[in-house]
J.: 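Right, I'll just put the structure down here and ask away after.
Note that the structure is predicted; figures quoted are calculated from it, not measured. All residue numbers refer to positions in the sequence shown, counting from 1. These values consider heavy atoms only, across backbone and side chains, with no hydrogens, waters or symmetry-generated copies.
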Amino acid sequence: MNRNFLEEELFKFASKKRKEINERFFKTGKGEYGEGDIFIGISVPDIRKVTKNNSTLKLEEVQKIIKSKFHEVRLCAILILVEKTKQAIKIGDLKLQKEILDIYIENMKYINNWDLVDLSAHYILGQAIMDGLIDENFLDKLAISDILWERRIAIISTWIMIRNGKFDATLKLSKKLLNDEEDLIHKAVGWMLREVWKNNSKMVEDFLIENYFITPRTTLRYTIERMEEKKRKKFLKGNF
């Protein structure tokens, strides 16, 4: 297996219709967050098929394809890194896990849309923090980055921590990001707060009450989405 074979396999699934859909969906127009990104036109299920078929691709080859100008090729490379991380964790290979983490961090500029972030950050970076391979303070640095996608990586990385009953990092980063100007960050923060709320509703509700007047409405709506209707309306109106 090599990267040329992988790219050829991906292109077999490409379609003009899907390309047009993806370009609209991921906002590739002038002035939009995905401006200039180039799509082939492949669905995520098809990308996952190619990922599965190429999961044994050597890391040095993955490093090359993650730099591709094509969005779906980059996504496939990232998903291969996720699969390799899962395998490394399964067999307890911290050295391999660290090698994958280093590749992920070194190539972060190519992780430049929300799907690339959301399908990888918690599995690779978040898990590495959980396993002591990198300090949690790294997320604080990402959270103040000028790059939108690095800030989103920071908050999404905490998802794996939430799944393991650890909520402090999510709340700390959420507080840092409440004043963010980007709607994609407002949504990500609300999403992660909602995940915490599923496990500890009081903690999140207290957080919302304390920070109500600086919490973006998008973040609030995402956070309270699963509340029962009466309570949800109270939070929308600020009637606690």
J.: Identify whether the distance between the nearest side-chain nitrogen and carboxylate oxygen of Glu228 and Lys231 falls below 4.0 Å.
T.: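 Lys231 and Glu228: not salt-bridged.
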J.: Would the distance check show the side chain of Asn54 and the main-chain N or O of Val50 forming a donor-acceptor pair, the cut-off being under 3.5 Å?
T.: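 Checked: pair present.
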J.: Please answer whether the main-chain N or O of Glu225 pairs with a side-chain N or O of Arg194 as donor and acceptor at a distance below 3.5 Å.
T.: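 Between the backbone of Glu225 and the side chain of Arg194 there is no qualifying donor-acceptor contact (under 3.5 Å).
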J.: Taking Ile103's backbone N and O only, do any of them form a donor-acceptor pair with Asn107's side chain (distance below 3.5 Å, no angle check)?
T.: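 Indeed, once roles are kept as given, a pair shorter than 3.5 Å links the two residues.
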J.: Ignoring hydrogens and geometry, is there a side-chain-to-backbone donor-acceptor pair from Asp93 to Ile89 under 3.5 Å?
T.: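 A pair under 3.5 Å: no.
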J.: Taking NZ, NE, NH1 and NH2 as the nitrogens, is one of them in Asp118 or Arg152 under 4.0 Å from a carboxylate oxygen of the other?
T.: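 Looking at Asp118 and Arg152, the cut-off is met.
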J.: Taking all heavy atoms of Glu32 and all of Gly29, pick out the closest pair and write down the distance.
T.: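 Smallest heavy-atom distance, with atoms named: OE1-N, 2.7 Å.
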J.: Do you know the tightest heavy-atom contact between Ile42 and Asp46?
T.: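 Answer, listing the atom of Ile42 first, then Asp46: CG2-CB, 3.7 Å.
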J.: How long is the span from the CD1 atom in Ile111 to the CD1 atom in Ile105, to the nearest 0.5 Å?
T.: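 The CD1 atom of Ile111 sits 9.5 Å away from the CD1 atom of Ile105.
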J.: Looking at Lys176, His122, Met192, which one forms a side chain to side chain contact (heavy atoms under 4.5 Å, CB included) with Ile155?
T.: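 For Ile155, the side chain to side chain contact (heavy atoms under 4.5 Å, CB included) check succeeds only for Met192.
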J.: Tell me, with the steps shown, if Ile47 and Leu79 meet side-chain contact (heavy atoms from CB on, under 4.5 Å).
T.: CA-CA 9 Å; Ile47 294 171; Leu79 290 177; 4.0 Å; yes
J.: When clusters are formed by joining ILVMFWY residues with side-chain heavy atoms under 4.5 Å apart, either directly or through shared neighbours, do Val73 and Ile21 land in the same one?
T.: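 Different clusters: Val73 never reaches Ile21 through Ile, Leu, Val, Met, Phe, Trp or Tyr contacts under 4.5 Å.
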J.: Let's go through Ile162 and Asn199 carefully: what are the C-alpha distance in whole Å and the side-chain angles of both, what is the deciding distance for side-chain contact (heavy atoms from CB on, under 4.5 Å) to 0.1 Å, and is it a yes or a no?
T.: CA-CA 8 Å; Ile162 296 169; Asn199 295 274; 3.8 Å; yes
J.: For atom NZ of Lys234, is the number of surrounding heavy atoms from other residues, nucleotides or ligands below 6.0 Å larger than 12?
T.: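 No, because the 6.0 Å sphere around NZ of Lys234 holds 12 heavy atoms or fewer from other groups.
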J.: Flag the pair Glu195 / Arg163 as yes when at least one side-chain heavy-atom distance between them is below 4.5 Å, and no otherwise.
T.: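 The answer is no, as the side chains (C-beta and beyond) never meet within the 4.5 Å cut-off.
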J.: Taking the side chain as every heavy atom from C-beta outward, state whether Met227 and Glu205 have any pair of such atoms under 4.5 Å apart.
T.: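 A side-chain contact under 4.5 Å exists here.
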J.: Check whether the side chains of Thr218 and Asp183 place a donor and an acceptor atom closer than 3.5 Å, and report yes or no.
T.: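 Yes, Asp183 and Thr218 have a side-chain donor paired with an acceptor closer than 3.5 Å.
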J.: How about Ile185 and Val189: do any of their side-chain heavy atoms sit closer than 4.5 Å?
T.: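 A side-chain contact under 4.5 Å exists here.
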J.: Can Glu60 and Lys64 be counted as an ion pair, charged N to O under 4.0 angstrom?
T.: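 Salt bridge flag = no for Lys64 with Glu60.
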J.: Calculate, to the nearest 0.5 Å, the distance between atoms CD and CG belonging to Glu72 and Leu116 respectively.
T.: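 One gets 9.5 Å once the value is rounded to the nearest 0.5 Å.
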J.: Would you indicate whether the side-chain heavy atoms of Lys233 and Glu229 approach each other to under 4.5 Å?
T.: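 Yes - at least one pair of side-chain heavy atoms lies under 4.5 Å apart.
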J.: Are Ile153 and Tyr110 connected in the hydrophobic side-chain network, where two residues link if heavy atoms are under 4.5 Å apart?
T.: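 No, separate clusters.
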J.: Start with the C-alpha distance between Cys76 and Leu10, add both sets of side-chain angles, then the distance that settles side-chain contact (heavy atoms from CB on, under 4.5 Å), and finish with yes or no.
T.: CA-CA 9 Å; Cys76 191; Leu10 280 171; 4.0 Å; yes
J.: Measure from NZ or CZ of Arg151 to the centre of the six-membered ring of Trp149, then state whether that distance is under 6.0 Å and the direction lies within 45° of the axis.
T.: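 Judged by the rule, Arg151 and Trp149 form no cation-pi pair.
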J.: Under the 3.5 angstrom rule, does the side chain of Lys69 hit a backbone N or O of Ile38 as a donor-acceptor pair?
T.: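 Judged by distance alone, no pair lies under 3.5 Å.
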J.: Could you walk me through whether His71 and Asp115 pass side chain to side chain donor-acceptor pair (under 3.5 Å), step by step?
T.: CA-CA 10 Å; His71 183 103; Asp115 61 325; 2.7 Å; yes
J.: Could you tell me if the side chain of Arg48 sits less than 4.5 Å from the side chain of Val44, heavy atoms only?
T.: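 Yes, their side chains come closer than 4.5 Å.
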J.: In terms of hydrophobic clusters joined by side-chain contacts under 4.5 Å, are Leu59 and Leu94 together?
T.: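 Shared cluster, yes.
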J.: Nearest 0.5 Å, please: how far is CD1 in Ile65 from CG in Leu57?
T.: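 Result: 5.5 Å between the selected atoms.
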J.: Is it the case that atom CZ in Phe25 sees more than 12 heavy atoms from other parts of the structure closer than 6.0 Å?
T.: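 No, the 6.0 Å shell around CZ holds no more than 12 heavy atoms from other groups.
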J.: Checking Asn53 against Glu9 for the side-chain contact (heavy atoms from CB on, under 4.5 Å) test, could you report, in this order, the C-alpha distance in whole Å, the side-chain angles of both residues, the deciding distance, and whether it holds?
T.: CA-CA 9 Å; Asn53 292 340; Glu9 195 173 353; 2.7 Å; yes
J.: Judged by atom type as modelled, is there a donor-acceptor pair below 3.5 Å linking the side chain of Ser201 to the main-chain atoms of Trp197?
T.: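 No; zero donor-acceptor contacts below 3.5 Å.
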J.: Please confirm whether the backbone N or O of Ser68 pairs with a side-chain atom of Arg74, one donor and one acceptor, at under 3.5 Å?
T.: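 Yes; judged by distance alone, with no hydrogens or angles, the pair exists.
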J.: Step through it carefully: locate the ring centre of Phe167, locate the ring centre of Phe207, and say whether they are under 6.0 Å apart.
T.: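 Phe167 vs Phe207: aromatic centres not under 6.0 Å.
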J.: Closer than 4.0 angstrom, basic N to acidic O: yes or no for Lys12 and Glu8?
T.: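 No.
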J.: Verify the cluster assignment for Leu178 and Leu171: are they in a single hydrophobic cluster under the rule of side-chain heavy atoms below 4.5 Å apart?
T.: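 They do share one cluster, since a chain of ILVMFWY contacts under 4.5 Å joins Leu178 to Leu171.
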J.: Rounded to the nearest 0.5 Å, how far does CG of Leu177 lie from CD of Glu182?
T.: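 The CG atom of Leu177 is 11.5 Å from CD of Glu182, to the nearest 0.5 Å.
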J.: List the atom of Met161, the atom of Ala169, and the distance in Å for their closest heavy-atom pair.
T.: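 That would be SD-CB, 3.7 Å.
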J.: Verify the neighbour count for atom NZ of Lys109: are there more than 12 heavy atoms of other residues, nucleotides or ligands below 6.0 Å?
T.: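 Counting other residues, nucleotides and ligands, NZ of Lys109 stays at 12 neighbours or fewer.
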J.: Got a second to check how far Ser120's OG is from Tyr104's OH, nearest 0.5 Å?
T.: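 The OG atom of Ser120 sits 2.5 Å away from the OH atom of Tyr104.
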J.: More than 12 non-hydrogen atoms from neighbouring residues, nucleotides or ligands closer than 6.0 Å to CG on Asp168, yes or no?
T.: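 At most 12 heavy atoms, drawn from other residues, nucleotides or ligands, come within 6.0 Å of this atom.
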J.: Only one of Leu125, Ile124, Thr170 clears side chain to side chain contact (heavy atoms under 4.5 Å, CB included) with Ser157; which?
T.: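 Looking at Leu125, Ile124, Thr170, the match for Ser157 under the side chain to side chain contact (heavy atoms under 4.5 Å, CB included) is Leu125.
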J.: Determine yes or no for a side-chain-to-main-chain donor-acceptor pair under 3.5 angstrom, with Thr219 supplying the side chain and His186 the backbone.
T.: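 Between the backbone of His186 and the side chain of Thr219 there is a qualifying donor-acceptor contact (under 3.5 Å).
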J.: Ile214 versus Asn211: any side-chain heavy-atom pair under 4.5 Å?
T.: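 Touching, per the 4.5 Å side-chain cut-off.
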J.: Would Phe235 and Tyr212 count as a ring pair (Phe, Tyr, Trp, His ring centres under 6.0 Å) here? Give the steps.
T.: CA-CA 9 Å; Phe235 270 92; Tyr212 189 80; 7.3 Å; no
J.: Find out whether Lys84 and Ser55 are in side-chain contact, i.e. whether some heavy atom of one side chain is under 4.5 Å from a heavy atom of the other.
T.: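 In short, these two side chains do not touch, never coming nearer than 4.5 Å.
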J.: Identify the heavy atoms of Val204 and Leu193 that sit nearest to each other, and give their distance.
T.: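 In this case the closest contact between Val204 and Leu193 is CG2-O, 3.5 Å.
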J.: Taking side chain as C-beta onward, heavy atoms only, is Ile129 less than 4.5 Å from Ile160?
T.: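 A side-chain contact is absent here, since even the closest heavy-atom pair is not under 4.5 Å.
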J.: Got a donor-acceptor contact below 3.5 angstrom from the Asp135 side chain to the Phe138 backbone?
T.: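 Absent.
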J.: What I want to find out is whether Glu136 reaches Lys172 closely enough, with some N-O distance under 4.0 Å, to be called a salt bridge.
T.: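 Answer for the salt bridge query: yes.
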J.: Indicate the atoms forming the closest heavy-atom contact of Val62 with Ala77, along with that distance.
T.: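 It is CG1-O, 3.5 Å.
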J.: Using only atom types and a distance under 3.5 Å, with no angle test, would you say the side chain of Glu150 pairs donor to acceptor with the backbone of Leu142?
T.: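 Checked: no pair found.
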J.: So, is the end of the Lys86 side chain (NZ or CZ) under 6.0 Å from the ring centre of Tyr123 and within 45° of the ring's axis?
T.: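 Here Lys86 passes the 6.0 Å and 45° test against Tyr123.
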J.: Assign the ring pair Phe39 / Phe26 to parallel, tilted or perpendicular, where the plane angle (0 to 90°) is split at 30° and 60°.
T.: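 Parallel, since the angle between the ring planes stays under 30°.
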J.: Rounded to the nearest 0.5 Å, how far does CD1 of Ile91 lie from CD of Gln97?
T.: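 Those atoms lie 10.5 Å apart.
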J.: Answer yes or no: are there more than 12 heavy-atom neighbours, outside Lys19 itself, under 6.0 Å from its atom NZ?
T.: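 Counting other residues, nucleotides and ligands, NZ of Lys19 exceeds 12 neighbours.
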J.: Tell me whether Leu133 is reachable from Met130 by hopping between hydrophobic residues (I, L, V, M, F, W, Y) whose side-chain heavy atoms are closer than 4.5 Å.
T.: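 Yes; tracing contacts between hydrophobic side chains, which count when under 4.5 Å, links both residues.
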